[in-house]
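Single-structure report; data block below.
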Number of protein chains: 2
Amino acid sequence: MLAPDRRLPIYLRIQDALAAEIAAGKWRPGEAIPAEEALAKRFGAAVGTARKAIEGLVAQGRLERHQGRGTFVRRADFGNMLFRFFRHTGADGAPLRPTAKLLARRKSKADAATARRLALPVGTATIELFRLRLIEGAPMLAEEIVVPHRRFAPLLALAKDAFGDLLYPLYETACGQIVVQAREHLRFGQAPPHIAKALCLPPKAPVAIVERTVFAVDGQPLEFRVSYGAAERFSYTIDIK
Amino acid sequence: MLAPDRRLPIYLRIQDALAAEIAAGKWRPGEAIPAEEALAKRFGAAVGTARKAIEGLVAQGRLERHQGRGTFVRRADFGNMLFRFFRHTGADGAPLRPTAKLLARRKSKADAATARRLALPVGTATIELFRLRLIEGAPMLAEEIVVPHRRFAPLLALAKDAFGDLLYPLYETACGQIVVQAREHLRFGQAPPHIAKALCLPPKAPVAIVERTVFAVDGQPLEFRVSYGAAERFSYTIDIK
DNA sequence: CAGTGGTCTAGACCACTCC
DNA sequence: GAGTGGTCTAGACCACTGG
């Protein structure tokens with residue numbers, strides 16, 4: 001159960017063992033793992049040592065602790081993650097909730113680039129979505145989304161207006177796919193014609209382009225998404241210590 | 001010495017006390033703070049409690065620990081921080097070191113915007129620098145820099161070619177000013193004429209604009225800097241958990 | 001070698017949550 | 001009230017650094 005490498009401190013070996021069990025899906029995101037004392041007994045270590053292992057996983061964002069309730073496998077909240085890149089406060093400075101509109105949906109096959117991004121063989125069946133995100137009815141972002149058909153087949157059966165404003169909760173309820181991690185790549189470019197049209201921008205308008213890949217617990221890519229937004233609305237702040 | 005607030009756990013009170021002493025400059029960046037045992041004795045707590053306070057400050061990036069050597073006030077390494085935004089690998093994929101060229105330097109007075117950014121009264125004496133960053137001799141970034149004259153007067157006396165490739169080490173050696181933190185704001189726009197010229201770009205070329213404010217230990221702004229780089233060379237990756 | 005941080009233990013008591 | 005994590009203590013031993 002524990003990595004037998006005697007060179008590693010006990011708490012790290014416990015940490016690795018727990019991380020592996022989490023990745024293997026022994027506990028689903030949102031579920032509680034055993035209490036400190038139970039873990040300590042199981043691994044034959046002191047409670048403080050088990051605690052240190054847990055603290056490491058909390059720091060990594062894999063677990064969440066709540067006093068009096070327990071330690072839980074973290075559910076990522078990717079709610080309006082992408083909107084942190086764009087100004088969207090109302091007249092009173094309050095943050096506004098974006099809505100979503102599904103413009104198109106179709107079955108497709110992975111080309112070379114998509115296959116690489118989703119770690120699939122070329123030609124694998126995929127589902128493509130074209131979606132608009134709006135603030136107070138005004139288009140802010142256009143999104144092209146690709147997911148593997150094998151995991152996401154229910155998305156094709158769903159009524160178009162059953163897609164809500166947030167996709168990741170739908171992935172979970174409709175397809176049982178849970179997003180736990182994301183990588184985003186940011187660049188600037190010109191809007192392709194269909195994007196410019198969807199965003200009500202002039203052709204070749206400058207846009208910020210965010211390419212996002214999201215991953216499941218097991219590290220497999222779940223979705224690849226390219227989002228376009230008007231460059232002049234883009235705004236991002238970074239703190240460095 | 002310790003915050004008297006009995007509601008806070010001891011380790012947090014120690015943490016606050018140490019953070020205040022660091023901010024007050026009791027130990028300079030790079031210097032060691034007292035050993036765990038000494039701190040524990042001084043604060044009347046157990047070693048483990050002092051250790052927990054230290055761990056918090058390490059997590060915040062204010063301290064660094066080295067086994068067998070001690071615990072040190074962190075020196076920020078802002079080396080080529082900004083270049084993480086721009087592609088600049090050579091033909092062999094190896095990272096390239098940018099060089100710098102000081103194009104202009106002059107004494108000035110803070111206008112309203114600058115005064116706000118540097119937390120100075122309007123009209124305070126400042127020094128402005130205009131600088132070019134190059135990769136293999138090709139201009140990559142143009143930078144407009146403003147610093148308060150009071151802290152940075154030696155920069156005016158310095159020979160223009162005594163400015164090296166990195167400014168922050170110079171701030172420290174020539175002016176005794178140590179940078180410990182930064183905030184960057186990223187946006188997208190068109191190059192003003194003098195910037196386009198410096199970067200050898202067509203007028204109004206699309207550029208990424210990074211506005212950076214850097215801060216001293218005591219939280220006072222030390223420098224405000226606007227950097228411009230060609231938008232098509234911009235590229236930034238973010239991992240989210 | 002002395003001094004430092006790193007690991008580990010064992011147990012006490014507190015604070016919070018939920019039944 | 002039972003069970004959970006949060007704080008705190010006290011001390012042991014190890015691993016690394018530097019003179």
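Order of the sequence lines fixes the chain letters, A, B, ..., with proteins taken first and strands second; residue numbering starts at 1 for each chain.
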Any donor and acceptor pair, going by atom type alone, linking the side chain of D165(B) with main-chain N or O of A100(B) inside 3.5 Å? yes
Checking contacts here: which listed nucleotide (dC8(C), dT9(C), dT7(D)) is nearest the side-chain heavy atoms of Y11(A)? dC8(C)
Quick check: any donor-acceptor pair below 3.5 Å linking the side-chain of R65(A) to the base of dG6(D)? no
Taking only heavy atoms on the protein side, list every residue of residues 52-64 of chain A lying under 4.0 Å from any atom of DNA chain C, sorted numerically. K52(A)
Filter on ring-ring contact (aromatic ring centres under 6.0 Å, His included), then keep only pairs touching residues 50-71 of chain B, sequence neighbours left out; what's left? H66(B)-F72(B)
Thinking salt bridges, do R117(A) and E223(A) make one under a 4.0 Å N-O criterion? no
Sequence neighbours excluded - side-chain hydrogen bond (donor to acceptor under 3.5 Å, both in side chains) pairs with any residue from residues 31-41 of chain B: E36(B)-R51(B), E36(B)-R65(B)
When you get a sec, tell me which of dC8(D), dT4(D), dT9(C) is the closest nucleotide to the side chain of A35(A)? dT4(D)
So, is T49(A) close to the dC8(C) phosphate, meaning a side-chain N or O under 4.0 Å from OP1 or OP2? no
Rounded to whole angstrom units, what separation is found between the CD atom of E31(A) and the P atom of dT4(D)? 16 Å
Out of dT9(C), dG5(D), dC8(C), whichever nucleotide has its closest atom nearest the side chain of R51(A): dG5(D)
Under 3.5 Å, side-chain donor or acceptor atoms of residues 145-160 of chain B against the rest of the protein: list the pairs with distances, not counting sequence neighbours.
from, atom 1, to, atom 2, distance (Å)
R151(B), NH1, Q177(B), OE1, 2.9
K160(B), NZ, L103(B), O, 3.4

For R74(B), which residues count as a salt bridge (charged side-chain N to carboxylate O under 4.0 Å, His left out) partner, sequence neighbours excluded? E64(B)
From the set dT7(C), dT9(D), dG5(C), return the single nucleotide nearest to any side-chain atom of A45(B). dT9(D)
Could you tell me the separation between the CG atom of L12(A) and the C1' atom of dT7(C), rounded to a whole number of Å? 10 Å
Can you give me the N/O atom pairs linking the protein to nucleotides 14-17 of chain D at distances under 3.5 Å, or say none if there are none?
from, atom 1, to, atom 2, distance (Å)
dA15(D), N3, Q67(B), OE1, 2.9
dC16(D), O4', Q67(B), OE1, 3.4

Separation of dG3(D) atom C1' from L39(A) atom CG, nearest Å, is 15 Å
Is the shortest heavy-atom distance from the side chain of Y168(A) to the side chain of T173(A) under 4.5 Å? no
Looking at the side chain of T71(B), which of dA10(D), dG5(C), dA10(C) is the nearest nucleotide? dG5(C)
Of the nucleotides dT4(D), dG5(C), dT9(D), which has the atom closest to the E36(B) side chain? dG5(C)
Would you call F85(B) and V210(B) a side-chain contact if the rule is heavy atoms closer than 4.5 Å? yes
Could you tell me if the side chain of R131(A) sits less than 4.5 Å from the side chain of E144(A), heavy atoms only? no
In whole angstroms, how far is the C1' atom of dT9(C) from the NZ atom of K41(A)? 16 Å
From CD1 of I10(B) over to P of dG6(D), roughly how many Å is that when rounded to an integer? 17 Å
